Amino acid sequence: MEPVSSLGVQRPKTKRNSYRNELYGILFALPAILGLVIFTLGPMIYSLYMSFTDYSGSNSPSFIGLDNYTRMFSGEDQYFYKALGVTLYFVVLSVPTGIIYSFLLAILLNRNIKGKAIFRTVFYLPSIVPIIAISFIWLWLLNPDLGLANELLRAIGLPGSQWIFGEKSVVPSLALMNLWTTGGTMIIFLAGLQDIPRSLYEAIEIDGGSKLNKLRNITIPMMTPTIFFNLIMGIINGFQVFSQAYVMTNGGPNNASLFYVFYLYREAFQFSRMGSASAIAWVLFIIIMLLTYTVFKTSRKWVYYEGDEAR
């Protein structure tokens, strides 16, 4: 259909107008494109080159091929597999517990209870507190001698724990601490719950279904897209955990909390091995990409999208 002027007269669409519109579109998108190229793609490409060099930050990069990667995978770098194992352990503990905990909170806060707005605010507030401040608070809470956690355990007759100061308990303790910051995930679940049609619950009520039937046959299937999103974000964030180890444990005790990004930080800024750190970063990128791809592929079997007949 030809363009119409304000007087109702059709104006022929010229190539000049088409090129002008395309130019305007490019100009409006240019800041975002430049930001992506300069601040994301550019550094990524440069870090890929750096991963094949021996660079300490004070010398000019010298090309050494795959030596950085060989050093990692051959076991010559004794901390690579340790950091990878610790991070995987943390992800396996924190991601499922975080999703389940925030999902249950969202279900509770989706009910018509008095003061639910206050409860929602209270549970969400910790997620906007800076992680450094949270780390210092939990550093006191998990103190084996003076911390509130052990005081509560002793008050009910249970033995205390070493928490972040024990090799076996440090990662579970940090996974427990991670539950404190699941407010954002809870809000996403809450939005998903409010999007479920009420008619589905009414239908199962007519059939005499219980609350457990509603949860199993309606709530969980309808929430699988939201669970899928939070699972992806949880995996990505779990592999990039850093501040807790930096502030609370310094990777200890005995490297039991040597998370992968903290290991990367030590290589780059403590040991001045920028080339090795770049290689470590690219391995992390590939791991996250492969895990994300795997979750996307398996999602076809368990994620339900309303109106998608192929599902």
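Since this is a predicted model, take the numbers as computed values, not measurements.
- No donor-acceptor pair closer than 3.5 Å links the side chain of N255 to the backbone N or O of Y79.
- Donor-acceptor pairing under 3.5 Å is lacking for the side chains of W163 and N143.
- Considering only heavy atoms from C-beta on, L158 stays 4.5 Å or farther from R154 through its side chain.
- T298 places a side-chain N or O within 3.5 Å of a backbone atom of V295 that can act as its donor or acceptor partner.
- For F80 and F73, the ring centers are positioned less than 6.0 Å apart.
- Residue V91 comes nearest to P96 through the heavy atom pair O-CD, 3.6 Å, listed as atom of the first residue, atom of the second, then distance.
- Under the 4.5 Å side-chain heavy-atom criterion for ILVMFWY residues, a single connected hydrophobic cluster contains both L179 and I128.
- Between the side chains of E267 and S276, at least one donor N or O sits under 3.5 Å from an acceptor N or O.
- Transitive grouping of hydrophobic side chains (ILVMFWY, heavy atoms separated by less than 4.5 Å) keeps I107 and I118 in distinct clusters.
- For the 3.5 Å distance criterion, the side chains of S47 and W282 qualify, holding a donor opposite an acceptor.
- Note: the hydrophobic cluster containing F136 also contains L176 (ILVMFWY, side chain heavy atoms under 4.5 Å, direct or indirect links).
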- prompt: Given the rule in the side chain to side chain contact (heavy atoms under 4.5 Å, CB included) test, do S62 and T53 qualify, once you have shown the distances and angles that lead to the verdict?
  reply: CA-CA 5 Å; S62 58; T53 66; 5.7 Å; no
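- Residues Y305 and T224 have side chains that never bring a donor and an acceptor to within less than 3.5 angstrom of each other.
- Although no hydrogens or angles enter the test, the distance criterion places a donor-acceptor pair under 3.5 Å between the side chain of N213 and the main chain of S210.
- Residue F119 places its CZ atom among 12 or fewer non-hydrogen atoms of other residues, nucleotides or ligands, all under 6.0 Å distant.
- Annotation: Y265 is in aromatic contact with F242 [ring centroid separation under 6.0 Å].
- A cation-pi arrangement is absent between R273 and Y55 under the rule of less than 6.0 angstrom and at most 45 degrees off the ring axis.
- Between F90 and F239, the distance from one ring center to the other does not fall under 6.0 angstrom.
- Other residues, nucleotides and ligands contribute more than 12 heavy atoms inside 6.0 Å of the CZ atom of R198.
- Side-chain atoms of N237 do not come within 3.5 Å of backbone N or O of G234 as any donor-acceptor pair.
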task: Apply the test ring-ring contact (aromatic ring centres under 6.0 Å, His included) to residues F259 and Y246: give CA-CA distance (whole Å), side-chain angles for both, the deciding distance (0.1 Å), then the verdict.
output: CA-CA 9 Å; F259 293 121; Y246 180 74; over 10 Å; no
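- L190 is not listed as a side-chain neighbour of Y124, based on a closest heavy-atom distance of 4.5 Å or more.
- The aromatic rings of F63 and F52 sit tilted relative to each other, their planes meeting at an angle between 30° and 60°.
- Between R120 and L109, the shortest heavy-atom contact is NH2-O, 2.9 Å.
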message: Let's go through L193 and T219 carefully: what are the C-alpha distance in whole Å and the side-chain angles of both, what is the deciding distance for side chain to side chain contact (heavy atoms under 4.5 Å, CB included) to 0.1 Å, and is it a yes or a no?
response: CA-CA 7 Å; L193 288 170; T219 304; 3.6 Å; yes
message: With side chain to side chain contact (heavy atoms under 4.5 Å, CB included) as the criterion, how do L174 and M248 come out once you've worked through the C-alpha distance, each side chain's angles and the decisive distance to 0.1 Å?
response: CA-CA 10 Å; L174 294 176; M248 302 174 68; 4.1 Å; yes
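- A side-chain donor-acceptor contact under 3.5 Å links Q240 to the backbone of I236.
- Taking 4.5 Å as the limit, some side-chain heavy atom of F189 sits within range of a side-chain heavy atom of I99.
- No side-chain heavy atom of L284 sits under 4.5 Å from any side-chain heavy atom of I280.
- M50 and I286 fall within the same hydrophobic cluster, defined by Ile, Leu, Val, Met, Phe, Trp and Tyr side-chain heavy atoms under 4.5 Å apart, directly or through other members.
- Y101 and N178 are not linked by any side-chain donor-acceptor pair at a separation below 3.5 angstrom, with hydrogens and angles left out of the test.
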task: Given side chain to side chain contact (heavy atoms under 4.5 Å, CB included), test F285 with M44 step by step and report yes or no.
output: CA-CA 10 Å; F285 172 75; M44 285 182 66; 4.3 Å; yes
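- For the pair Y260/L84, a side-chain contact is recorded, criterion being any heavy-atom separation below 4.5 Å from C-beta on.
- Side chain of N150 to backbone of G160: no donor-acceptor contact under 3.5 angstrom is found.
- Counting all heavy atoms, side chain and backbone alike, P253 lies closest to F165 at CG-O, 3.7 Å.
- A side-chain N or O of T249 and one of S257 form a donor-acceptor pair less than 3.5 Å apart.
- Using a 4.0 Å cut-off between a side-chain N of Lys or Arg and a carboxylate O of Asp or Glu, K214 and E202 do not qualify as a salt bridge.
- Taking every heavy atom of both residues into account, N59 and D54 meet most closely at ND2-O, 3.4 Å.
- Within 6.0 Å of atom NZ in K116, more than 12 heavy atoms from other residues, nucleotides or ligands are found, so the atom counts as buried in its surroundings.
- Inspection of the D67 and T70 side chains reveals no N or O donor paired with an N or O acceptor under 3.5 Å.
- Note that OG1 of T185 is 13.0 Å distant from CD1 of I100, once rounded to the nearest 0.5 Å.
- Contact annotation: the side chain of V170 never approaches that of Q162 to less than 4.5 Å [non-hydrogen atoms, C-beta and beyond].
- When all heavy atoms of P221 and L215 are compared, the pair lying nearest together is CD-O, 4.2 Å.
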